[in-house]
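Worksheet: one structure, shown below.
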Amino acid sequence: MPELPEVETVRQTLRQLVLNKKVTDVTVLWENIIKLPLESEAFRQELIGQTFKEINRKGKFLIIEFDDISMVSHLRMEGKYGVYPAEEPMKKHTHVIFQLDDGTELRYNDVRKFGTMHVFKKGEEINQKPLSLLGPDPFDDSFTLDYFYNRLQKTQRTIKAVLLDQSIVAGLGNIYVDETLFRAGVHPERKANLLSRHQAESVRQAAIDTIEEAIQQGGTTIRSYVNSQGQIGMFQQRLFVYGKEEEPCKSCGTPIEKIKVSNRGTHYCRHCQQ
DNA sequence: CTCAGTACCTGGTTGC
DNA sequence: TGCAACCAGGTACTGA
């Protein structure tokens with residue numbers, strides 16, 4: 001489901017629902033979601049008694065901060081958080097339940113069970129996998145042209161594969177990579193090391209603009225994404241190529257094509273993106 | 001080391 | 001209608 005703009009929208013909405021509430025118990029119904037501690041009972045014990053202090057985000061990861069610990073949570077394709085009265089019936093795909101001290105429950109729902117949760121001692125999360133593997137967010141000061149061009153020079157992979165690589169820039173996924181490359185006028189199969197510095201700057205700026213606009217719009221809803229208050233995103237109205245195969249390019253009218261790049265469905269305009 | 005392929009899951013859609 | 005194959009906002013692991 002979510003890329004950076006959707007995770008940011010979840011962060012903002014979830015924050016309002018749980019801040020200052022205390023976890024009184026935890027139920028884990030699908031063990032594989034819990035990656036650290038290794039045993040879900042230890043995970044439960046770490047969380048009981050902890051109060052939600054802040055929710056941050058890096059790339060596509062939520063960083064849920066409590067008194068003494070931080071929980072790093074990735075929604076992967078379909079993960080969702082919601083807060084419900086304890087008496088509300090469970091949905092089919094609810095896998096982790098955090099009981100709160102005001103009679104509500106924070107529930108993690110995930111049809112495909114791909115999501116992950118890691119608990120760390122507060123402050124240690126940033127130096128440990130998975131967060132330690134991430135590059136800068138697109139709008140971070142450290143995502144400079146010098147940095148980006150240098151990384152592009154070092155690989156023979158396609159520009160699409162590079163933009164999907166979270167260790168280079170964090171937060172772009174399949175939708176925003178396709179949109180970024182369209183806006184930059186760069187073909188997704190171009191070899192990264194063959195882009196000019198000027199083209200690298202076009203891609204860098206397009207990534208920043210696309211992500212910032214999408215956050216503004218509350219993310220993109222293609223099939224199932226909703227924020228923690230159950231609302232859909234609006235950025236799908238501004239997509240140029242993702243999911244637009246066979247429709248005319250908004251810039252030149254040429255039909256948008258869909259191909260496979262890096263094993264992912266890839267949408268582009270053969271006229272506008274060379 | 002770099003990178004392509006595959007595993008992890010379920011459900012909706014497509015095509016015979 | 002039935003059913004297999006394919007596809008999906010992602011990442012970690014394997015091994016060439």
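Every chain is numbered from 1, with letters handed out A, B, ... down the list of sequences.
As judged by a 4.0 angstrom heavy-atom cut-off over every strand, A:Lys92 is placed among residues touching the sugar-phosphate backbone only. Nucleic acid contact for A:Ser262: none, since no nucleic acid atom lies under 4.0 Å from a heavy atom of the residue. In this structure, A:Lys258 reaches the sugar-phosphate backbone alone: every heavy-atom distance under 4.0 Å involves primed, P, OP1 or OP2 atoms, never a base. Within 4.0 Å of A:Asn263, counting heavy atoms only, lies at least one base atom of the nucleic acid.
The interatomic distance linking A:Asp165 (CG) with C:dT11 (C1') rounds to 11 Å, in whole Å. In this structure, A:Glu245 atom CD and C:dC6 atom C1' are separated by 14 Å, rounded to whole Å. The nearest whole Å value for the distance from the CZ atom in A:Phe114 to the P atom in B:dA7 is 12 Å. Computed from coordinates, the A:Asp110 CG to C:dA8 P distance equals 18 Å when rounded to whole Å. C:dT11 atom P lies 14 Å from atom CD of A:Glu78, rounded to whole Å.
With both ends at atom C1', the span from C:dA8 to B:dC3 equals 23 Å, rounded to whole Å. Annotation: C:dC6 and B:dG5 have their P atoms spaced 16 Å apart (nearest Å). Taking atom P in both C:dC3 and B:dC9, one finds a spacing of 25 Å when rounded to whole Å.
Considering only side-chain atoms of A:Val111, the nucleotide from B:dC3, B:dC9, B:dG11 that sits closest is B:dG11.
For A:Phe182 and A:Tyr268, the ring centers are positioned 6.0 Å apart or more.
Atoms CD and CD, from A:Glu257 and A:Glu246 in turn, are 10.0 Å apart once rounded to the nearest 0.5 Å.
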